[in-house]
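Only one structure is covered here, and it is reproduced in the block below.
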There are 2 protein chains.
Amino acid sequence: MAVTIKDVARVAGVSASTVTRALTMPELVHPETRERVRRTAVTLGYHPNRAARGLITGRTGNIGLLVPDLGNPFFPSVVKGVQARAHEADYAVFLADTDEDATAEAGLVRRLSKQVDGIVLCSPRMPDEELRTLVADTPVVLVNRRIAKVPSVTPEFPDAMRQAVSHLTALGHRRIAYVAGPRSAWANRERLRSLRALTKDIELIEIGNVMPMFEGGVAAADQVLAADVTAVIGYNDLVALGLLNRFMARGVAVPGDISVLGFDDIALAAMVHPSLTTVALPKEQAGRAGVDLLLQLLTEPDRSTAARRELPAQLMVRGSTGPTPA
Amino acid sequence: MAVTIKDVARVAGVSASTVTRALTMPELVHPETRERVRRTAVTLGYHPNRAARGLITGRTGNIGLLVPDLGNPFFPSVVKGVQARAHEADYAVFLADTDEDATAEAGLVRRLSKQVDGIVLCSPRMPDEELRTLVADTPVVLVNRRIAKVPSVTPEFPDAMRQAVSHLTALGHRRIAYVAGPRSAWANRERLRSLRALTKDIELIEIGNVMPMFEGGVAAADQVLAADVTAVIGYNDLVALGLLNRFMARGVAVPGDISVLGFDDIALAAMVHPSLTTVALPKEQAGRAGVDLLLQLLTEPDRSTAARRELPAQLMVRGSTGPTPA
DNA sequence: TTGAAAGCGGTACCAC
DNA sequence: GTGGTACCGCTTTCAA
């Protein structure tokens with residue numbers, strides 16, 4: 001069996017209460033006793049059972065994290081950020097991957113909610129109403145999604161899209177395709193919204209929706225070519241890479257015949273050839289910010305206004321975009 | 001507050017004990033009562049607090065998972081497998097990313113051990129002795145590492161390497177470089193061991209060690225070229241992709257001037273151009289198997305012999321390998 | 001078949 | 001400054 005507070009108490013010759021105090025409110029106990037208790041705790045290898053503690057304090061020291069698909073490198077990056085920040089604050093992380101299944105999300109949240117102090121929902125796919133009922137029961141922070149009254153971390157999408165489109169128009173492109181991601185993804189809706197707001201400069205062809213994966217891009221590539229555009233923006237980097245791949249297979253030169261632009265800036269984007277021009281979205285940073293907001297929410301639960309963090313995006317110009325073909 | 005067993009008991013007009021029984025040992029309670037309890041549990045939205053339950057049963061329903069770096073796509077795949085299998089068995093998963101820091105591993109394990117029934121250690125970097133002391137306290141299953149008396153899931157490395165080398169020798173290569181990964185990685189030691197056992201057919205040039213990342217490959221590329229080999233095996237796909245990248249930058253044709261072969265078969269390997277020949281190692285499958293072994297270990301802790309699962313590997317021949325240059 | 005009581009490992013509160 | 005006691009939410013005897 002593991003060593004419990006009683007073991008420490010017995011060995012140190014004090015009561016359990018004193019052990020607790022010595023360890024968590026040191027100033028309340030006589031320096032001499034405190035030291036003795038602490039030393040025995042160390043020698044015995046005592047670590048308080050957080051589950052038991054949580055039972056009475058109402059604080060578990062754990063946070064939950066839901067992501068749609070670890071197969072998309074975007075999410076592991078966010079997870080890394082969450083992990084890092086959580087550990088700094090001495091929190092442990094429950095992770096759940098929903099496999100892009102919107103209906104599974106709520107169940108997982110409820111399953112987790114008892115064991116965590118709060119949950120970071122990254123790019124949740126569930127509908128707004130469902131999200132809202134969930135938020136009533138559990139402290140939640142959203143990453144990559146925004147909804148009234150819920151703390152959230154999001155990229156500056158309008159600006160991100162402006163950077164992307166400005167880049168393309170500066171290169172002479174006027175007729176541009178957008179390969180849309182999942183309808184249920186808030187990020188997709190936002191990208192589309194930002195994009196549509198920019199149609200005074202460009203003619204926009206919408207294609208999709210596709211799954212936010214390499215295969216989705218491959219699947220959309222031929223439609224893009226048929227649409228007679230000179231540039232295409234993929235929902236994310238994976239989609240853009242799928243486009244790139246299929247274009248190459250069909251002998252279409254990038255950026256000679258068509259320019260390709262992605263979103264996210266996953267590590268992969270810089271590794272391929274031609275390398276992928278993309279808008280870098282905050283990932284680890286978003287994860288860290290999500291945890292920050294959650295901790296803040298736990299500390300002061302009744303702020304009137306939900307914290308909202310918008311993180312900047314940065315266009316990374318690489319090899320997959322170039323001037324309009326003559 | 002969340003709904004507790006007492007709420008259910010009160011509303012259903014029974015005692016807490018009966019609620020427990022109705023829910024976990026249904027055959028012990030009168031069908032009528034049972035139904036009533038169950039219905040009220042559902043209407044109230046009652047879910048037992050697993051932490052509280054764990055306190056008394058000694059079972060938390062959670063498992064821990066440690067990985068060295070989520071930035072390497074190999075690990076998210078393993079995580080997905082662990083997740084999937086764990087959820088099937090109604091377990092939740094604590095995840096920790098150690099950032100390739102071997103010294104952090106033990107601490108994380110201990111931090112987690114109280115809250116989980118067992119831990120899956122994926123590619124742990126810590127030394128054998130440390131691992132052994134850890135195993136004494138907590139049920140542990142190893143993925144991608146083997147050590148006496150501890151259940152483990154590993155790829156069939158000797159065979160994996162045999163496939164790789166056979167492929168290269170069939171193409172005429174005789175002088176082959178291996179870019180080694182972290183010394184602390186068991187996988188690296190095994191690959192090296194398997195490789196050295198094959199030197200009757202080939203001349204082996206060892207280069208490295210490098211971090212198991214894209215940058216590691218980039219960094220090793222020039223040494224590889226200086227070594228005057230016709231083929232190079234990277235520690236893993238990321239390293240191989242780094243090699244590919246640097247070769248391209250230096251105008252070295254792949255596979256025209258040199259063949260490149262990786263390990264893992266991360267999704268990325270098929271997306272680049274030239275696509276990467278690699279030995280596909282079990283990833284999600286390994287994760288699932290790891291959980292299976294752990295559950296088995298929890299059920300029958302005192303088997304005399306530790307379960308050991310070896311999963312087959314498969315060479316994926318793609319564009320980055322070709323015949324020896326004439 | 002059911003309920004009461006004890007206890008899992010801690011912490012909070014109240015005496016002393 | 002320290003100890004005793006109750007209690008967090010749940011399961012498990014033990015009796016009835």
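Here is the naming used below: chain letters follow the sequence lines, and residue numbers restart at 1 for every chain.
In this structure, A/Q83 has no side chain to side chain donor-acceptor pair (under 3.5 Å) partners at least two apart in sequence or on a different chain. Under the side-chain contact (heavy atoms from CB on, under 4.5 Å) criterion, A/R53 pairs with A/T24, A/P48, A/T57, not counting sequence neighbours. Every residue meeting the side-chain contact (heavy atoms from CB on, under 4.5 Å) condition with B/K114, not counting sequence neighbours, appears here in chain and number order: A/A2, A/H47. A/N144 pairs by the side-chain contact (heavy atoms from CB on, under 4.5 Å) definition with A/F74, A/S123, A/P155, not counting sequence neighbours.
Nucleotide C/dT11 holds its P atom 12 Å from the CG atom of B/L55, rounded to whole Å. Per the geometry, CG belonging to B/L28 stands 14 Å off C1' belonging to C/dG3, to the nearest Å. Protein atom CD of A/E27 is 13 Å distant from nucleotide atom P of D/dT2, rounded to whole Å.
Look at B/T18 and you'll find a side-chain N or O under 4.0 angstrom from OP1 or OP2 of C/dG3. In this structure, B/T33 reaches the C/dT2 phosphate: one of its side-chain N or O atoms is under 4.0 Å from OP1 or OP2.
Residues in residues 284-309 of chain A take part in no ring-ring contact (aromatic ring centres under 6.0 Å, His included) pair, two or more places apart or across chains.
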Q: Any chance you could list the contact pattern along nucleotides 10-16 of chain D? Use B for base contacts, S for sugar-phosphate-only contacts and - for none, protein heavy atoms under 4.0 Å, 5' to 3'.
A: SBBB---
Q: Test A/R145 against A/D128 for salt bridge (Lys or Arg N to Asp or Glu O under 4.0 Å), laying out the working first.
A: CA-CA 10 Å; A/R145 180 148 181 184; A/D128 277 11; 2.6 Å; yes
